[in-house]
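Order of appearance sets the numbers: ligands from 1, and atoms from 1 within every ligand.
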Amino acid sequence: MNTQQNLPLAGVKIIDFTHVQAGPACTQMLAWFGADVIKIERPGSGDVTRTQLRDIPDVDALYFTMLNSNKRSLTLNTKTPEGKEVLTKLIKESDVMVENFGPGALDRMGFTWDYIQELNPRMILASVKGFSEGHHYEHLRAYENVAQCAGGAASTTGWWKGENAGPTISAAALGDSNTGMHLAIGILTAYIGRQKTGKGQKVACSMQDAVLNLCRVKMRDQLRLDKVGYLEEYPQYPHEPFTDVVPRGGNAGGGGQPGWILKCHGWESDPNAYIYFTVQDLVWTPICEAIGRPEWKTDPAYTTPKARQPHIMAIFGAIENFILSTGKDKYAAVEYFSGFEIPCAPVMSMKELLHDKSLRQSGSIVEVPHKTRGSYWTVGCPIKFSTLRPKVTASPLLGEHTDKVLAELGYSSEQIAAMHAANAV
Ligand code: COA
């Protein structure tokens, strides 16, 4: 087990001036790796997620606990003179400050980048905003789905025809947590840079950019479409017309290998009785064997990806029929097809993931004791190391570490009491 002292980021002090999801996801990960993350929250209320979507009255909501583990909480009203003084001291002593306020909020508080640099030239200031600096939407405030729409995910996700046609939001936090992960890479890069130059710098990642970065292959498709006028791996090809923009492709595989979601035994009552099946060219012969269609191994209408594409949906239909007629549930289907080296996986529900033995064993799903909740399950560190296994500890109660952090900054107990009296902390 790692102790806090021997973790890679031990000794790195981070002012966590973040809220909701994008910023907290970033600082939580850095806290797992050993950084001392001090979350600054407004006295009395704190991060809005403490009270959002509560499952137990009067205790911190899972929304908060699952994004703020391993941190310390300092309540501070940074709009009071005392609060500004404490923040100033913290900036002088810290390595990184992370924030995801609305545009201009930090400047309005009096902590411009110029001023922060003056206070501590080694400071790395890391920001999440909806849009990047200088962008014509720079002034817009943003949440997850705003970013998914602005970054190209919504226009390329979902169905292109039928009742449910239209831009579609992904359940994955492409705008929020994804931006936080990008920012963490930026912070660590600036930190390594600082070891060479002795100077900090400003690091920013916009939610739009982070989404766009994950939609890189859709931009690839736009460029191809501009050139050739069609996209052969989309289900529209070759029977339906393409316009001049990348269409939504339903559940099609986004790369060079066609794929689709197929029904398995029990689909009538279980909303997740499905597998994802990929028709990888390399294993076409095993696929034919697996589904009892040996004649397709040599039939010119089936032997190449190009030949298969015009009737790829019929091929998926045949595979689905095979699964259903042999009574395979999603696990049995995956077990069976994996014997033929076919890339596939069951569609997993959140319930199944929560109880998955392998995920619990690897630390991807962990149970964390908490002072007022009893304990909570959360998603642990997705990055695995050979000699480091981050230990997830509880999220802090609001202001749990206020007095301790102030004492570490050199304030006497009288001064701390006075700050409490002035409602600055
Ligand atoms: N003490 C005193 N004031 C504080 C404070 C503290 N500890 N913490 C925050 N505040 C103030 C800010 O200074 C700001 O004041 P101002 O607007 O008068 O200058 C005010 O609280 C509101 O901050 P803001 O970040 O704008 O919160 P919001 O609830 O109005 O907006 C968002 C929320 C998410 C829309 C906005 O923060 C945003 O667009 N952030 C960037 C993108 C982002 O991260 N989105 C969320 C992804 S999960």
Side-chain angles (χ1 to χ4, degrees), residues 15-29 38-53 61 63-64 66-68 71-91 97-112 115-116 125-133 135 137-151 153 169-184 186 203-211 396 398-399 401-402 405-406 419 422-425:
I15 304 170
D16 181 16
F17 221 172
T18 70
H19 63 157
V20 204
Q21 186 175 167
C26 167
T27 49
Q28 171 170 262
M29 182 156 281
I38 301 169
K39 184 168 174 103
I40 300 184
E41 297 180 83
R42 237 190 292 225
S45 52
D47 190 325
V48 68
T49 58
R50 283 188 186 270
T51 54
Q52 275 180 346
L53 313 175
Y63 199 178
F64 180 83
M66 293 178 76
L67 286 157
N68 290 284
K71 302 180 184 179
R72 301 200 283 169
S73 168
L74 162 71
T75 50
L76 196 64
N77 184 340
T78 53
K79 286 188 174 164
T80 62
E82 297 90 338
K84 282 190 203 300
E85 187 197 295
V86 173
L87 182 58
T88 303
K89 271 189 184 231
L90 266 174
I91 290 173
M97 178 151 104
V98 189
E99 64 91 19
N100 67 322
F101 292 125
L106 204 57
D107 292 352
R108 289 194 292 279
M109 214 183 273
F111 291 88
T112 61
Y115 183 50
I116 291 169
L125 173 64
S127 299
V128 168
K129 296 284 169 272
F131 298 85
S132 57
E133 221 174 286
H135 190 283
Y137 282 154
E138 184 184 7
H139 57 287
L140 289 188
R141 295 137 69 81
Y143 280 108
E144 172 67 52
N145 296 346
V146 171
Q148 289 201 25
C149 288
I169 296 302
S170 166
L174 307 177
D176 285 344
S177 279
N178 169 45
T179 309
M181 298 304 99
H182 277 78
L183 193 69
V203 183
C205 187
S206 80
M207 294 165 70
Q208 182 189 39
D209 283 348
V211 172
L398 180 61
H401 307 95
T402 298
V405 172
L406 292 175
M419 278 193 245
N423 287 327
V425 298

TODO: For the pair Asn68 (side chain) and Gln28 (backbone), establish whether a donor and an acceptor sit closer than 3.5 Å, ignoring hydrogens and angles.
DONE: no
Open item on the list: Side chain or backbone, does Pro103 bring an N or O within less than 3.5 Å of an N or O on ligand 1?
Closed with: no
- [ ] Could you tell me whether Gly102 and ligand 1 have an N or O pair separated by under 3.5 Å?
- [x] yes
- [ ] Can you sort out which atoms of ligand 1 are near Val128, meaning under 4.0 Å from one of its heavy atoms?
- [x] 41 (C), 44 (O)
Task: Best match, Met207, Met109, Lys84: closest heavy atom to atom 12 (C) of ligand 1 - done: Met109
TODO: Would you check if Leu106 and Met97 make a side-chain contact, meaning some heavy-atom pair closer than 4.5 Å?
DONE: yes
- [ ] Considering heavy atoms of the protein only, find what lies nearest to atom 15 (O) of ligand 1 and give residue, atom and distance to 0.1 Å.
- [x] Lys79 NZ, 2.8 Å
TODO: Would you indicate which of Thr75, Thr78, Leu183 comes nearest to atom 1 (N) of ligand 1 when only heavy atoms are counted?
DONE: Thr78
TODO: Within a distance under 4.0 Å of any heavy atom of Val20, pick out the atoms of ligand 1 and give their elements.
DONE: 48 (S)
Task: Numbered atoms of ligand 1 (with element) below 4.0 Å of Asn77, judged on heavy atoms - done: 1 (N), 2 (C)
Open item on the list: Ignoring hydrogens and geometry beyond distance, is a side-chain donor-acceptor pair present between Gln208 and Ser132 at under 3.5 Å?
Closed with: no
- [ ] Take every heavy atom of Gly23, measure it against each atom of ligand 1, and state whether any distance is under 4.0 Å.
- [x] no
Open item on the list: If we set the cut-off at 4.0 Å for heavy atoms, which region of Arg42 has an atom near ligand 1: side chain, backbone, both, or neither?
Closed with: both
- [ ] Please check if any side-chain donor atom of Glu41 sits under 3.5 Å from a side-chain acceptor atom of Thr75, or the reverse.
- [x] no
TODO: Could you check if a side-chain atom of Phe64 sits within less than 4.5 angstrom of a side-chain atom of Gln52, using non-hydrogen atoms only?
DONE: no
- [ ] For His19, counting its heavy atoms only, list the atoms of ligand 1 lying under 4.0 Å from any of them.
- [x] 25 (O), 27 (O), 33 (C), 37 (O)
Open item on the list: Checking a contact table here: which protein heavy atom is nearest atom 32 (C) of ligand 1, and how many Å away?
Closed with: Tyr143 OH, 4.0 Å
TODO: Using a cut-off of 6.0 Å, state whether more than 12 heavy atoms not belonging to Glu138 lie near its atom CD.
DONE: yes
Task: Val146 vs Leu140 side-chain heavy atoms within contact, under 4.5 Å - done: no
Open item on the list: Within the 4.0 Å heavy-atom shell around Arg141, which atoms of ligand 1 are there?
Closed with: 26 (O), 28 (P), 30 (O), 31 (O), 35 (C), 39 (O)
Open item on the list: Which of the numbered atoms in ligand 1 are under 4.0 angstrom from any heavy atom belonging to Leu76?
Closed with: 1 (N), 6 (C), 7 (N)
Open item on the list: So, regarding Lys129 and ligand 1 (criterion: nitrogen or oxygen to nitrogen or oxygen, under 3.5 Å), is there a contact or not?
Closed with: no
Open item on the list: Students often mix this up, so state it plainly: with edges at 30° and 60°, are the rings of Phe111 and Tyr115 parallel, tilted or perpendicular?
Closed with: tilted
Open item on the list: Parallel, tilted or perpendicular, judged at 30° and 60°: which one describes the rings of Phe17 and Phe101?
Closed with: perpendicular
- [ ] Could you tell me the residue and atom name of the protein heavy atom closest to atom 23 (O) of ligand 1, and the distance to it rounded to 0.1 Å?
- [x] Phe101 CD2, 4.2 Å
Open item on the list: How far is atom 40 (N) of ligand 1 from the closest protein heavy atom, and which atom is that?
Closed with: Asn100 O, 3.0 Å
Open item on the list: Please enumerate all residues that pass side chain to side chain donor-acceptor pair (under 3.5 Å) together with Thr49, with sequence neighbours excluded.
Closed with: Asp47
Task: Gap between atom CG of Asn423 and atom CG of Asn77 - 0.5 Å precision - done: 8.5 Å
Open item on the list: Give the atom numbers and elements of ligand 1 that come within less than 4.0 Å of a heavy atom of Arg108.
Closed with: 16 (P), 17 (O), 19 (O)
- [ ] Identify the protein heavy atom lying closest to atom 45 (N) of ligand 1, giving its residue, its atom name and the separation to 0.1 Å.
- [x] Ala142 O, 2.7 Å
TODO: Give the atoms of ligand 1, by number and element, whose distance to some non-hydrogen atom of Asp176 is under 4.0 Å.
DONE: 47 (C), 48 (S)
TODO: Rounded to the nearest 0.5 Å, what's the gap from CG on Leu174 to CG on Asn145? Could you check?
DONE: 9.5 Å
